[in-house]
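Scroll down for the structure; my scribbles are underneath it.
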Amino acid sequence: MEEILFGIGISALAGALATVAGAAEDTESDIGSQGDPNSQVQLAPQMGYIHRIYNKAVSGEPPAYGLWVALAAGIAWALMAIQYNAILALIIGSAVAVFVQGVYATTAYLGRTASLAKFEQPVYIDILKSVTTVTMAHAFVAVFTTVTMCFLIIEALGHPFPLPLMGLVWGIALGAAGSATGNPFYGKERQYQNYPFGAGLPISASGDIVRYAEAGQRSSLDNGWFTSKGAGPASGICFGLIVFFELWRTILFEPFAAGWGAVIAGVVIIIVFMVIDRFVETWARKTYGPYTTETATEEEATA
């Protein structure tokens, strides 16, 4: 019983770390415009819309965070092998990984913007300086909490995978959770606020992103402020629940049926969530229906 309670406690702590990691990852991604909505940022100057949005995506979030978390975990693992303090090793590993992320972001922004020179899209030095550092800060939080979570799973729960491999697996999962959960807030709710909600994006509107804020031109920091209120917490809850349910089912059901109990529990959890998702989707479609344009009332038509 004590082992089960200890395992559940570690699962809760790992889930809390994962929640912070998911929120930081999505905010970093939205500020840097990395993910699905980035195609519209890249397309905007070609359609005549010059903007001040950061543009650093050369890959999706899952492979990017798989690289950064695995790099941080590998360095931490090597330092602990030569008797470094575990906390110090995790911090150093995360710092090195974030340095790589900063180089990656800088070269991606400069390279992508340079490719748009013939469309008169300038490189804004103030955007490069301000946004890069902010994305690095959020990336450090996401990477450090994820690597710490992996370290806890190995040391406290006895997981057989080495730390670098755990970092790769959970880094990919972190990027996938943020990409699938958080991007719609930024791509649909923020980039296209000048179009009616639910109207979709017609081909003629491609690249027509919102470029102006309440005062002056909108920058990526404005997008981060917006998405951190909705998309960040949603992504954090998503990744936190993934980690918690994964560890919870393993701890409680692995002793049954030579480990198959945990597999069966995982399948049951997936089926339950599929049913819930389907119910929510059908309820939303029946309640709100397809998007329809507003029509003039009879009084307005006869006026």
Side-chain angles (χ1 to χ4, degrees), residues 2-29 31-32 61-62 64-105 132-178 228 232-233 235-248 250-251:
E2 291 181 359
E3 292 182 0
I4 293 177
L5 292 176
F6 176 76
I8 293 176
I10 294 298
S11 300
L13 179 57
L17 289 170
T19 301
V20 175
E25 186 279 338
D26 182 73
T27 305
E28 184 274 335
S29 171
I31 291 175
E61 295 166 59
Y65 270 89
L67 167 66
W68 299 331
V69 177
L71 177 60
I75 294 173
W77 179 71
L79 291 176
M80 284 186 282
I82 57 175
Q83 307 305 315
Y84 264 66
N85 178 273
I87 297 177
L88 181 61
L90 294 172
I91 293 174
I92 293 175
S94 300
V96 173
V98 169
F99 174 78
V100 174
Q101 185 266 352
V103 173
Y104 158 90
T132 303
T133 51
V134 173
T135 64
M136 291 176 68
H138 285 83
F140 179 83
V141 174
V143 171
F144 177 72
T145 49
T146 305
V147 173
T148 304
M149 178 196 75
C150 295
F151 178 75
L152 272 177
I153 294 173
I154 294 172
E155 295 297 320
L157 301 181
H159 198 285
F161 282 7
L163 187 58
L165 182 56
M166 285 287 287
L168 176 63
V169 171
W170 283 114
I172 293 174
L174 169 64
S228 64
S235 299
I237 292 172
C238 174
F239 188 54
L241 287 175
I242 291 173
V243 172
F244 178 75
F245 278 114
E246 168 65 19
L247 299 180
W248 173 81
T250 303
I251 291 168

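Listed by chain and number, the residues in a side chain to side chain contact (heavy atoms under 4.5 Å, CB included) with Ala176 are Pro62 (sequence neighbours excluded). With sequence neighbours left out, Pro233 forms a side chain to side chain contact (heavy atoms under 4.5 Å, CB included) with no residue at all. The side-chain hydrogen bond (donor to acceptor under 3.5 Å, both in side chains) check on Thr132 picks up Tyr54, with sequence neighbours excluded. A search for ring-ring contact (aromatic ring centres under 6.0 Å, His included) contacts involving Phe151 returns nothing, not counting sequence neighbours. Gln101 meets the side-chain hydrogen bond (donor to acceptor under 3.5 Å, both in side chains) test with Glu28; sequence neighbours excluded.
Scanning both residues, Ala177 and Ile242, for their nearest heavy atoms gives CB-CD1, 4.4 Å. The minimum heavy-atom distance linking Gly74 with Pro164 is given by the pair CA-CG, 3.7 Å. For the residue pair Val147 and Ala72, the shortest heavy atom distance occurs at CG2-CB, 3.7 Å. The two residues Ala76 and Leu163 have their closest heavy-atom pair at CB-CD2, 4.3 Å. Scanning both residues, Val98 and Ala139, for their nearest heavy atoms gives CG2-C, 3.9 Å.
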Tell me which donor-acceptor pairs under 3.5 Å the side chains of residues 7-24 have, and how far apart each pair is, sequence neighbours excluded?
from: Ser11; atom 1: OG; to: Gly7; atom 2: O; distance (Å): 2.9
from: Thr19; atom 1: OG1; to: Gly15; atom 2: O; distance (Å): 2.8

Which donor-acceptor pairs under 3.5 Å do side chains of residues 77-94 form with protein atoms, sequence neighbours excluded?
from: Asn85; atom 1: OD1; to: Ile87; atom 2: N; distance (Å): 2.9
from: Asn85; atom 1: OD1; to: Leu88; atom 2: N; distance (Å): 3.2
from: Ser94; atom 1: OG; to: Leu90; atom 2: O; distance (Å): 2.8

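The list of side-chain hydrogen bond (donor to acceptor under 3.5 Å, both in side chains) pairs with a residue in residues 238-248, not counting sequence neighbours, reads Glu246-Arg249. Applying the side-chain hydrogen bond (donor to acceptor under 3.5 Å, both in side chains) test to pairs two or more places apart or on separate chains, none has a residue in residues 136-162.
In this structure the side chain of Trp170 reaches within 4.5 angstrom of the side chain of Val243, judged on heavy atoms.
Looking at Trp68, Phe239, Tyr65 one by one, the single match for side-chain contact (heavy atoms from CB on, under 4.5 Å) with Glu25 turns out to be Tyr65.
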